Structures are given as structure tokens and as C-alpha cells.
S.K.: 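Below: one structure in C-alpha cells.
Keep in mind that what you see is a predicted model, and the values were worked out from it rather than measured.
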Amino acid sequence: AGGVIATGSGSEQDFPAKLTLQVFICTAIAAFGGLMFGYDIGISGGVTGMDDFLLKFFPNVYVKKNHAHENNYCKFNDKYLQLFTSSLYLAAIVASGGASLMCKKYGRKPTMQAASIFFFIGAILNVSAMNLPMLILGRLFLGAGVGCGNQAVPLFSTEISPPKFRGGLNICFQLLITVGILVANCVNYFTSNIKNYGWRISLGGAAVPAVILLVGSFAIVETPTSLIERGKKEKGLKTLKRIRGVDDVQKEFEEMVRATEVANQIKHPFRELMKKPSIPPMICGTIIHVFQQFTGINVVMFYAPVLFQTMGFGSSASLLSAVITGTVNSLSTVIAIFTVDKAGRKKLLVFGALICMVAQCTIGVILKKYLTETSKVPNSIAKVVVLLICVYVNGFAWSWGPLGWLISSEVFPLETRTSGYFFAVATNMLCTFIIAQAFLSMLCHMRAYIYFFFAAWLIVMSIFVMAMLPETKGVPLDEMVERVWKKHWFWKSFFKSSDIERPKAMVQLEQEKPNH
């Protein structure tokens, strides 16, 4: 759910830099934007399994859930309950578009502050909700916060980090998303036993990371790239010296100035995406987000407590099981930090998909055999299913989770990177909305076969990765076209010499770029 985003100039030269306390503090504070996102993912599935919450907002679901002869697969099937979860992502799509413009015009720091304010308002509306419209309105504000945060925070973390520490610092954002999910699961576990207002505590907890991000944002600096981009070169140079911990930053500063000059001279980046050479990165950069969501991960993270209750776990037991899967998710994400630049992107994606597929198929077989419309899964078998879900989450957490975002940020050339990245974010949020809105209805109609549905997608995406996705490990961003796309067996046909009309500013940059 969600993932790491890595962007940058693409230069492989080493610039003098230290991992300063300023950078560490800025990255840690900004990462609370990931914690906001993760907390919301985890909290929504937990409260939808609480009886007090269902009784107040979704009484029909409450009746079906507690009816002795109700269909196990359909007890949570309610369009308004699905809207509670999915409405956030519609708001996030719209907000991410506005946030991309805000990042460019006003900077990354104000956009993060806007994200925290939106999220805080959403949390207050949810904790005080008296009816369903008020509850959904709160979700829309939360979505605006997620959209702004997902657009600004990873970009901020990338631009402020020294090149040689960029990967690890970026994955801190993804790691905090998983920590947010785990924290939410723990909160749900304890508040589920508080009658009448336990769900309010869970939903109101979203205000905590929002306040930390808002207050902390006043202690962080704006990124040098953003300052230079907005014409504040002197302040950008001063900030660069401060965050690098050295005075010898002239080469890196000049590289930033050249890159921002190119970006500022591209007046119609979305039009550039329509040209033939832009089609390969556009397809790969967006379809990987379709695949990321159709692994079924958000089904597990949104609705884990609901799934466990469907199998016959009690409310507390189901929330405890969600805590276990959340812990696995957090710990497994760390694996990506140490393997992505050694094993490569493609190997991790394929092996991760295979692990997820085997787990999904095995779960499907077990539920098909043991979970009928009215029966409960035997306790020992239910524990096996929890174990298999942990295996599935592990496979996702070090592959499709962080790498989906990473690859989509690598494949676009400089002149279309911002516009292409926006399409990637919008695609991710749209697919998340579709899955969140449709899953409970799909579970009702497809029953155990829903696991085979996602397993089939995992086979498709594995084939695509092996055949169509180029390996980007170790390739500088500004050499992606020459070393990756033009050498790919299929995509090279899109790069005939007559088709490549690189902007004059880009040509000038390449001519002026010094050799090191």
C-alpha cells in the first residue's frame, strides 16, 4: 500500500556531502507524511469491524454481520461501507494534481503543511462525526491530505538527501507507511474493547501524525532545488551548504541550476508525453501502478480484520491477526533497502509476484474447501490462513510495494518526469479507489475465487516484467533513453532518429554538462 518514490538529477558524479543532522531531522519529520497515509490505511479496515461503529453508521451491515445464518462472504457487502474506505482516494487524485502545481509554484514545504492541515481537519470531522455525510466529508479531507503528502514528501526527501544516501532515506518514507499501518492495527486492537466511543479514538488518532508533521515542518528547510526553481538562487546555495555540511557545493549547485533551467523551459510537458518516444516510459511507468494495486495488497491491508472475521475469528482476534500482518509488513520492507541495488528491480518483482501468487492460490483452495456460506473455518486452518497472509505480505513488502514507485520515477526523461510522475500517482490512486470500492461486492459474488482472481493478475504482471520491463538498476536517469529504451528488444522501435525531438534546452544541457 503506497510505496517509495525516488527522483533526482540522475548524475552519477560524487558531490562532497555529509549525512548531516539537519538532513536526518528533515527526513524524519517529512516521513510522518507516510505515517499519516499508513495510519489511515490500517485504521479504516479496523473500525469497519467494530460493532459500535457499524451500528451508528451502517446498521444494515451490523445486522448481517451478527445474523446467525448470514452468508459469510456477503455480511460486509454494503456500497456505503465501501464508499467510506474508497472516497479518500477520489479526493487524493484531485488533490495530487493541485499539489503538483503547488510544489512547483510555492515549494515542497508549504505543500506538506497543507497536507497536514487537510489531514487534521479530516481527523477532527471523523472523530466528531454524527452521521454518514459528515463521516464521508472527513474522509475527503483525509484524501486531500494524502494526495498532497504523497506528492510532496517523497520529492522533498529525495531533493534534500545526499546522492549516496538517497535510496535509504527514501525508503524511510515507505517504511513509515508500513509503521503507520502497524500503529493503526495496534490502536484498533485496544480501542475495540472500549464501548460506544472506541472507534472515535481510532479515527481521531489520525490527528497525531498530522500535528507532528505540521509543527515539525516549521523546523525544516525548503529544498535547494525548489528554491532555485523559483528564482531564489542565493538562498538555494546557502541552504545547500547547510544541509550538505560542507562549503564545496559549487558543482552540485551548478548541476541543479542547469537541470531547473531545462525544466522551466519546457512549457507543455504533458504534450511531450504524447510523442512517440514518450510512449514506452509512459506505459511502463503507469501500468506498474495498475499491477501494484491488482496484487491485492490493499484488499489485505484495508480489510484484514474483515477478512479474518469472515473466517470466524472474533473481533479482537481478527484485529490481533491484523497486527501480526502489519508487523510482517514493516519488517519485510527493510529487505528492499539492502537488496534493490544488488539484485535489481526485475528479479525482486518477479520473485515477489511468485510468492504472492502461491500464497493467494493456497488461501483460495483452503477457503473454498473449509469456508462455506454459513460455516466457520476450523481454528487450526484459520491460523494457517493468517500465516499464508503473512507470507503474501512479506513477498509484496520487498518487491511491488517500494519498487512500483521507484521504477515509475526512474523511467521518465527529465523533460517529462514531472508530468509522467503525476500520471503514475493518479493511476495508483484510481486503481486503489476501484479495488477499495469493489472488493466487498467481489468477495460476496466471487467468494473464495477472488483469491484466484488476484493470482491470475500476478501471473500476467510477472510475464510483463520479464518480457517488457527493462532493468534500470545502476543506470543514471539522464542516460535511461540511450542505455535502456533504445536497447530493449521491443521498445527500441519507438526511438527512430526522426522521432526523437529533444527540446533545445535539453540539448544545451547535454552540451554544457561537464565531464567528471
S.K.: Are the side chains of I435 and F294 in contact, using a 4.5 Å heavy-atom criterion?
M.R.: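 In short, these two side chains touch, coming nearer than 4.5 Å.
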S.K.: Measure across A123 and A207 and return the closest heavy-atom pair with its distance rounded to 0.1 Å.
M.R.: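 Here A123 and A207 meet closest at CB-N, 3.6 Å.
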S.K.: Do the side chain of N185 and the main chain of I181 share a donor and acceptor less than 3.5 angstrom apart?
M.R.: yes
S.K.: Rounded to the nearest 0.5 Å, how far does OH of Y89 lie from CG of N428?
M.R.: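 Atom-to-atom, N428:CG and Y89:OH are 9.0 Å apart.
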S.K.: Are F119 and F141 close enough that their ring centres sit under 6.0 Å apart?
M.R.: no
S.K.: Determine the minimum heavy-atom distance between G149 and A115, stating which atoms define it.
M.R.: N-CB, 3.5 Å
S.K.: Are Q293 and T432 close enough that a side-chain donor and a side-chain acceptor fall under 3.5 Å?
M.R.: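 Distance-only check passes for Q293 and T432.
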S.K.: Restricting to non-hydrogen atoms, name the atom on I228 and the atom on M256 that form the minimum distance, rounded to 0.1 Å.
M.R.: CD1-CB, 3.8 Å
S.K.: Determine the minimum heavy-atom distance between T48 and L54, stating which atoms define it.
M.R.: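 Shortest heavy-atom contact: O-CD2, 3.3 Å.
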S.K.: Could you give the distance from CD (Q292) to OG (S399), rounded to the nearest 0.5 Å?
M.R.: 9.5 Å
S.K.: Once you measure the plane-to-plane angle for F57 and W199, does it fall in the parallel (<30°), tilted (30-60°) or perpendicular (>60°) bin?
M.R.: perpendicular
S.K.: Is there a side-chain contact between K56 and N131, using heavy atoms and a 4.5 Å cut-off?
M.R.: no
S.K.: Parallel, tilted or perpendicular: which describes the rings of F53 and F84, with under 30° parallel and over 60° perpendicular?
M.R.: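 Tilted, since the angle between the ring planes falls between 30° and 60°.
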S.K.: Got a donor-acceptor contact below 3.5 angstrom from the K109 side chain to the I220 backbone?
M.R.: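 Present.
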S.K.: Begin with the C-alpha distance, continue with both residues' side-chain angles, and end with the deciding distance and a verdict on side chain to side chain contact (heavy atoms under 4.5 Å, CB included) for S44 and R139.
M.R.: CA-CA 10 Å; S44 57; R139 294 290 293 172; 4.1 Å; yes
S.K.: To the nearest 0.5 Å, how far apart are OG1 in T27 and CD1 in I243?
M.R.: 9.0 Å
S.K.: Determine whether more than 12 heavy atoms belonging to other residues, nucleotides or ligands lie under 6.0 Å from atom NZ of K232.
M.R.: no
S.K.: A side-chain contact here means heavy atoms from C-beta on lying under 4.5 Å apart; do T427 and I287 qualify?
M.R.: no
S.K.: Do L142 and F118 touch side chain to side chain, with heavy atoms closer than 4.5 Å?
M.R.: no
S.K.: Would you check, one step at a time, whether the test side chain to side chain contact (heavy atoms under 4.5 Å, CB included) holds for S116 with V211?
M.R.: CA-CA 7 Å; S116 60; V211 170; over 6 Å; no
S.K.: Roughly how far, to the nearest 0.5 Å, is SG of C356 from CG of L458?
M.R.: 6.0 Å
S.K.: Just how far is it from atom CD1 of I43 to atom CG of L203, taken to the nearest 0.5 Å?
M.R.: 6.5 Å
S.K.: Is there a donor-acceptor pair closer than 3.5 Å between any side-chain N or O of R345 and the backbone N or O of P470?
M.R.: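 Such a contact is absent between R345 side chain and P470 backbone.
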S.K.: Report yes or no: does N126 contribute a side-chain atom to a donor-acceptor pair with the main-chain N or O of L135 at less than 3.5 Å?
M.R.: yes
S.K.: What's the shortest heavy-atom distance between T286 and M282, and which atoms?
M.R.: OG1-O, 2.6 Å
S.K.: Between W400 and L349 (side chain of the first, backbone of the second, donor and acceptor by atom type, cut-off under 3.5 Å), is there such a pair?
M.R.: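 Checking the backbone N and O of L349 against the side chain of W400, a donor-acceptor pair under 3.5 Å is found.
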S.K.: What pairs with I201 under side-chain contact (heavy atoms from CB on, under 4.5 Å), at least two apart in sequence or on another chain?
M.R.: T191, I194, Y197
S.K.: Do the side chain of K235 and the main chain of L227 share a donor and acceptor less than 3.5 angstrom apart?
M.R.: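 Not a single qualifying donor-acceptor pair exists.
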S.K.: Heavy atoms, side chains only, cut-off 4.5 Å: are S278 and F494 in contact?
M.R.: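 Sidechains of F494 and S278: no contact.
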S.K.: Are C172 and F24 packed together at the side-chain level, in the sense that at least one heavy-atom pair is separated by less than 4.5 angstrom?
M.R.: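 C172 does not reach F24 side chain to side chain.
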S.K.: Taking T333 as the fixed residue, which of N394, I177, V393, T178 is the one that meets the side-chain contact (heavy atoms from CB on, under 4.5 Å) rule?
M.R.: T178
S.K.: Return the minimal non-hydrogen interatomic distance between C148 and A99, and the atom names on each side.
M.R.: CA-CB, 3.7 Å
S.K.: Check E252 with R244, please: is the shortest side-chain N to carboxylate O separation under 4.0 Å?
M.R.: yes
S.K.: Classify the side-chain pair Q113/S217 by whether it contains a donor and acceptor separated by less than 3.5 Å.
M.R.: yes
S.K.: Check whether the ring centres of F454 and W457 lie less than 6.0 Å apart, and answer yes or no.
M.R.: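 Centroid separation for F454 and W457: 6.0 Å or greater.
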S.K.: Please assess S226 against F156 for the test side chain to side chain contact (heavy atoms under 4.5 Å, CB included), listing each intermediate value before the final yes or no.
M.R.: CA-CA 9 Å; S226 177; F156 173 88; over 6 Å; no
S.K.: When you measure from the side chain of Q151 to the backbone of C103, do you find a donor-acceptor pair of N or O atoms at a distance under 3.5 Å?
M.R.: no
S.K.: Measure the CD1-CD1 distance between I29 and I212 for me, rounded to the nearest 0.5 Å.
M.R.: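 Rounded to the nearest 0.5 Å, the CD1-CD1 separation comes to 10.0 Å.
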S.K.: What's the verdict on side chain to side chain contact (heavy atoms under 4.5 Å, CB included) for S202 and Y189, showing C-alpha distance, side-chain angles and the deciding distance?
M.R.: CA-CA 10 Å; S202 291; Y189 178 70; over 6 Å; no
S.K.: Check whether Y106 forms a cation-pi arrangement with R230 (NZ or CZ under 6.0 Å from the six-membered ring centre, at most 45° off the ring normal).
M.R.: no
S.K.: Between S86 and L90, is there a side-chain heavy-atom distance shorter than 4.5 Å?
M.R.: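 No, every pair of side-chain atoms sits at 4.5 Å or beyond.
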S.K.: Would you say V208 and F120 make side-chain contact, with heavy atoms under 4.5 Å?
M.R.: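 Answer no - side chains too far apart.
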